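This one's a predicted model, so the numbers in the text were calculated from it and none came from an experiment.
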Amino acid sequence: MIIKLSELISNISMVDEETRYVIEEESGDILMVWGTTIDGEYEPELMAKVEKGDGFICMPLISEIDEKKELVLAENDIPVEAAYEAIGRAWAGQHGIEVEDDIESQMGLLNNPDILTETEYTEEKFFAEMHDGMLIDGGSPAHAVMHELAQHAIKTTMEINNKYHTPEEMTGLLSELTGREVDSSVVLFPPITSDCGKNIHFGKNVFINSGCRFQDQGGIYIDDGALIGHNVVMATVNHLEDPQERASMVLASIKIGKNVWIGSNSTILSGVNTGDGAIVAAGAVVTMDVPADTVVGGVPAKVLRKVKRKSL
């Protein structure tokens with residue numbers, strides 16, 4: 001995606017005097033918070049939060065806006081247009097958007113424009129920002145991190161799938177795949193595929209049969225005692241419906257409760273939670289939450305009955 005510099009600057013506006021310590025995009029998404037209007041005073045603690053990366057970009061040296069609406073940077077007056085451009089370019093860089101210079105750049109007016117540059121988008125930042133409903137723009141830095149995670153998952157699952165491993169070795173490989181220690185009670189019959197690996201979370205005494213496909217960018221949580229049948233697909237990613245935005249994705253986690261049994265060839269879609277003790281019949285496509293102690297089946301899956309329990 002390409003945006004003209006003139007459009008980028010025009011889409012960043014100074015808000016009214018009452019909320020003058022916020023620079024925001026016209027759509028309402030806050031680009032940078034650098035002060036507060038509590039009692040009309042500048043609030044350094046909020047600046048510290050932004051400096052640690054809680055905002056979209058870091059601009060730690062800005063202290064105030066004077067009556068002429070010029071930003072003060074390191075005690076040197078800077079035209080607001082230059083600051084707008086710097087903020088806009090940092091925002092565009094974070095979202096993987098190319099800026100076309102259709103007007104003259106004002107970046108030369110900044111003493112140190114590098115302080116306005118978005119820091120590298122990392123794997124740690126990706127997981128820290130992860131939440132159900134998270135939007136990943138196609139081609140964005142977050143999307144690039146997803147590709148890096150996928151390469152790690154492919155490499156590790158190739159090792160899992162293409163030769164024999166003892167149970168102890170398999171536990172080590174699953175720990176490598178997920179990036180966290182996996183309990184030795186977890187049993188996997190390969191092959192398995194994963195699009196991320198590091199967002200799979202296993203409880204204890206989990207069994208995963210062969211041929212399962214875990215698209216886990218949005219998070220797959222499998223609780224204690226769960227049984228996952230042959231060729232089960234768990235997909236935590238949805239693409240946007242609009243063809244022009246189809247490369248963008250929405251992530252939502254899948255949570256499998258305690259002692260759940262997922263039948264062979266089932267598909268569990270993003271955002272689905274299955275309650276403890278539930279059964280998903282073979283071949284089901286689960287699009288909605290499954291209540292605890294119920295049997296669901298069909299396409300799309302519906303509740304068929306309650307789970308039968310042995311009478312004491």
Student: Just so I know, are the side chains of Asp223 and Val260 near enough to count as touching, which here means a heavy-atom distance under 4.5 Å?
Tutor: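 No - every pair of side-chain heavy atoms lies 4.5 Å or more apart.
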Student: Test of understanding: clusters of I, L, V, M, F, W, Y form through side-chain heavy atoms closer than 4.5 Å, transitively. Do Phe214 and Ile136 belong to the same one?
Tutor: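 Not linked; separate clusters.
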Student: With no hydrogens and no angle check, is any side-chain donor or acceptor of Ser185 less than 3.5 Å from a backbone partner on Asn205?
Tutor: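 Answer holds: yes.
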Student: Can you measure from CE (Met249) to CE (Met134) and round to the nearest 0.5 angstrom?
Tutor: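 It comes to 10.0 Å.
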Student: Side chain of Asp289, backbone of Val272: donor and acceptor closer than 3.5 Å?
Tutor: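 The answer is no, because no donor-acceptor pair under 3.5 Å joins these two groups.
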Student: Excluding sequence neighbours, so at least two apart, what forms side-chain contact (heavy atoms from CB on, under 4.5 Å) with Pro300?
Tutor: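 Partners of Pro300 under the side-chain contact (heavy atoms from CB on, under 4.5 Å) test: Thr287.
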Student: Short question: side chain of Thr294, backbone of Val290 - any donor-acceptor pair under 3.5 Å?
Tutor: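 Side chain of Thr294 to backbone of Val290: no pair is present.
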Student: What are the two closest heavy atoms between Ala278 and Pro291, and how far apart are they?
Tutor: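 So the two residues come closest at CB-O, 3.7 Å.
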Student: Might you point out which heavy atoms bring Asp195 and Gln215 nearest each other, and give the distance in Å?
Tutor: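 Shortest heavy-atom contact: OD2-CG, 3.2 Å.
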Student: Under a single-linkage definition using a 4.5 Å side-chain heavy-atom cutoff for Ile, Leu, Val, Met, Phe, Trp and Tyr, are Met170 and Ile200 assigned to the same hydrophobic cluster?
Tutor: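 Result: yes, single cluster for both.
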Student: Look only at the side chain of Arg246 and the backbone of Gln244, and say whether a donor-acceptor pair between them is shorter than 3.5 Å.
Tutor: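 No: the side chain of Arg246 does not pair with the backbone of Gln244.
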Student: Closer than 4.0 angstrom, basic N to acidic O: yes or no for Asp224 and Lys204?
Tutor: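 Not counted as a salt bridge, because no side-chain N and carboxylate O are separated by less than 4.0 Å.
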Student: I need the Asn238 CG to Ser248 OG distance, nearest 0.5 Å.
Tutor: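 If I round to the nearest 0.5 Å, the distance is 12.5 Å.
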Student: Indicate the atoms forming the closest heavy-atom contact of Asp276 with Lys258, along with that distance.
Tutor: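 Scanning both residues, the minimum pair turns out to be OD1-N, 2.8 Å.
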Student: Do Leu240 and Val250 pass the side-chain contact (heavy atoms from CB on, under 4.5 Å) test, and can you show the C-alpha distance, the side-chain angles, and the key distance before you say yes or no?
Tutor: CA-CA 7 Å; Leu240 298 189; Val250 177; 3.6 Å; yes
Student: Transitively linked via ILVMFWY side-chain contacts under 4.5 Å: Trp261 with Ile222?
Tutor: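 Cluster IDs for Trp261 and Ile222 differ.
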Student: Is there a continuous path of hydrophobic side-chain contacts, each under 4.5 Å between heavy atoms, that joins Val295 to Ile268?
Tutor: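 Different clusters: Val295 never reaches Ile268 through Ile, Leu, Val, Met, Phe, Trp or Tyr contacts under 4.5 Å.
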Student: Measuring from atom CG of Asp102 to atom OG of Ser6, what distance do you get when rounded to the nearest 0.5 angstrom?
Tutor: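 Here the interatomic distance stands at 3.5 Å.
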Student: Within the side chain of Asn265, is there an N or O that forms a donor-acceptor pair under 3.5 Å with the backbone of Ala282?
Tutor: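 No, because the side chain of Asn265 does not come within donor-acceptor range (under 3.5 Å) of the backbone of Ala282.
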Student: If you measure from OG1 on Thr274 to CG on Asn259, what distance do you get to the nearest 0.5 Å?
Tutor: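 It is 11.0 Å, given to the nearest 0.5 Å.
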Student: Please determine which of Lys306, Arg309, Arg305 meets the salt bridge (Lys or Arg N to Asp or Glu O under 4.0 Å) test together with Asp293.
Tutor: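 In the set Lys306, Arg309, Arg305, the residue that makes a salt bridge (Lys or Arg N to Asp or Glu O under 4.0 Å) with Asp293 is Arg309.
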Student: State whether the side chain of Thr157 and the backbone N or O of Ile160 hold a donor-acceptor pair below 3.5 Å, judged by distance alone.
Tutor: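 Here the side-chain-to-backbone pair does not exist.
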Student: Calculate, to the nearest 0.5 Å, the distance between atoms CD1 and CD1 belonging to Ile208 and Ile262 respectively.
Tutor: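 If I round to the nearest 0.5 Å, the distance is 11.5 Å.
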Student: Any idea which heavy atoms bring Glu176 and His152 closest together, and the distance?
Tutor: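 For Glu176 versus His152, the nearest heavy atoms are O-CE1, 3.1 Å.
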Student: Would Asp132 and Ser253 count as a side chain to side chain donor-acceptor pair (under 3.5 Å) here? Give the steps.
Tutor: CA-CA 6 Å; Asp132 284 356; Ser253 61; 3.0 Å; yes
Student: Do side-chain atoms of Glu129 reach the backbone of Phe126 as a donor and acceptor pair under 3.5 angstrom?
Tutor: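 Side chain of Glu129 to backbone of Phe126, a donor-acceptor pair under 3.5 Å: no, none is there.
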Student: Assess the residue pair Thr171 and Val186 against the criterion (side-chain contact (heavy atoms from CB on, under 4.5 Å)); give the C-alpha distance rounded to whole Å, side-chain angles, the decisive distance to 0.1 Å, and a yes or no.
Tutor: CA-CA 7 Å; Thr171 298; Val186 175; over 6 Å; no
Student: Can you tell me how the ring of Phe189 sits relative to the ring of Phe207, calling it parallel under 30°, perpendicular over 60° and tilted otherwise?
Tutor: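 Ring orientation, 0 to 90° scale: perpendicular.
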Student: Taking the side chain from Ser175 and the backbone from Glu181, do they hold a donor-acceptor pair closer than 3.5 Å?
Tutor: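 No, Ser175 side chain to Glu181 backbone: no donor-acceptor pair under 3.5 Å.
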Student: Can you check whether Val296 reaches Lys302 side chain to side chain, under 4.5 Å on heavy atoms?
Tutor: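 Side-chain contact under 4.5 Å: no.
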Student: Output the distance between atom CE (Met146) and atom SG (Cys196), rounded to the nearest 0.5 Å.
Tutor: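 Reported value, rounded in 0.5 Å steps: 7.5 Å.
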Student: If the condition is salt bridge (charged side-chain N to carboxylate O under 4.0 Å, His left out), which residues does Glu123 pass it with, not counting sequence neighbours?
Tutor: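 For Glu123 the salt bridge (charged side-chain N to carboxylate O under 4.0 Å, His left out) partners, ignoring immediate neighbours, are Lys198.
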Student: Measure across Glu159 and Leu173 and return the closest heavy-atom pair with its distance rounded to 0.1 Å.
Tutor: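 Minimum heavy-atom separation between Glu159 and Leu173: CG-CD2, 3.7 Å.
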Student: Evaluate side-chain contact (heavy atoms from CB on, under 4.5 Å) for Cys212 paired with Ile228, printing each intermediate quantity in order.
Tutor: CA-CA 8 Å; Cys212 289; Ile228 314 298; 3.8 Å; yes
Student: Any donor and acceptor pair, going by atom type alone, linking the side chain of Asp216 with main-chain N or O of Gly197 inside 3.5 Å?
Tutor: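 Yes: the side chain of Asp216 pairs with the backbone of Gly197.
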Student: Of all the heavy-atom pairs spanning Pro190 and Ser210, show the shortest one and how long it is.
Tutor: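 Pro190 and Ser210 have their closest heavy atoms at O-CB, 3.3 Å.
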Student: With a 4.5 Å heavy-atom cut-off, do Thr178 and Phe202 have their side chains touching?
Tutor: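 Sidechains of Phe202 and Thr178: in contact.
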Student: In the structure I gave you, are the side-chain heavy atoms of Met234 and Ile256 within less than 4.5 Å of one another anywhere?
Tutor: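 Yes - at least one pair of side-chain heavy atoms lies under 4.5 Å apart.
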Student: For side-chain contact (heavy atoms from CB on, under 4.5 Å), just list the numbers for Leu174 and Leu188, CA-CA rounded to whole Å, side-chain angles, deciding distance to a tenth of an Å, and then say yes or no.
Tutor: CA-CA 9 Å; Leu174 287 175; Leu188 167 71; 3.8 Å; yes
Student: Is there a donor-acceptor pair under 3.5 Å between the side chain of Ser266 and the backbone N or O of Val286?
Tutor: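 Answer holds: no.
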Student: Do Val280 and Val303 share a hydrophobic cluster (ILVMFWY, side-chain heavy atoms under 4.5 Å, transitive)?
Tutor: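 Yes, Val280 connects to Val303 through the hydrophobic network.
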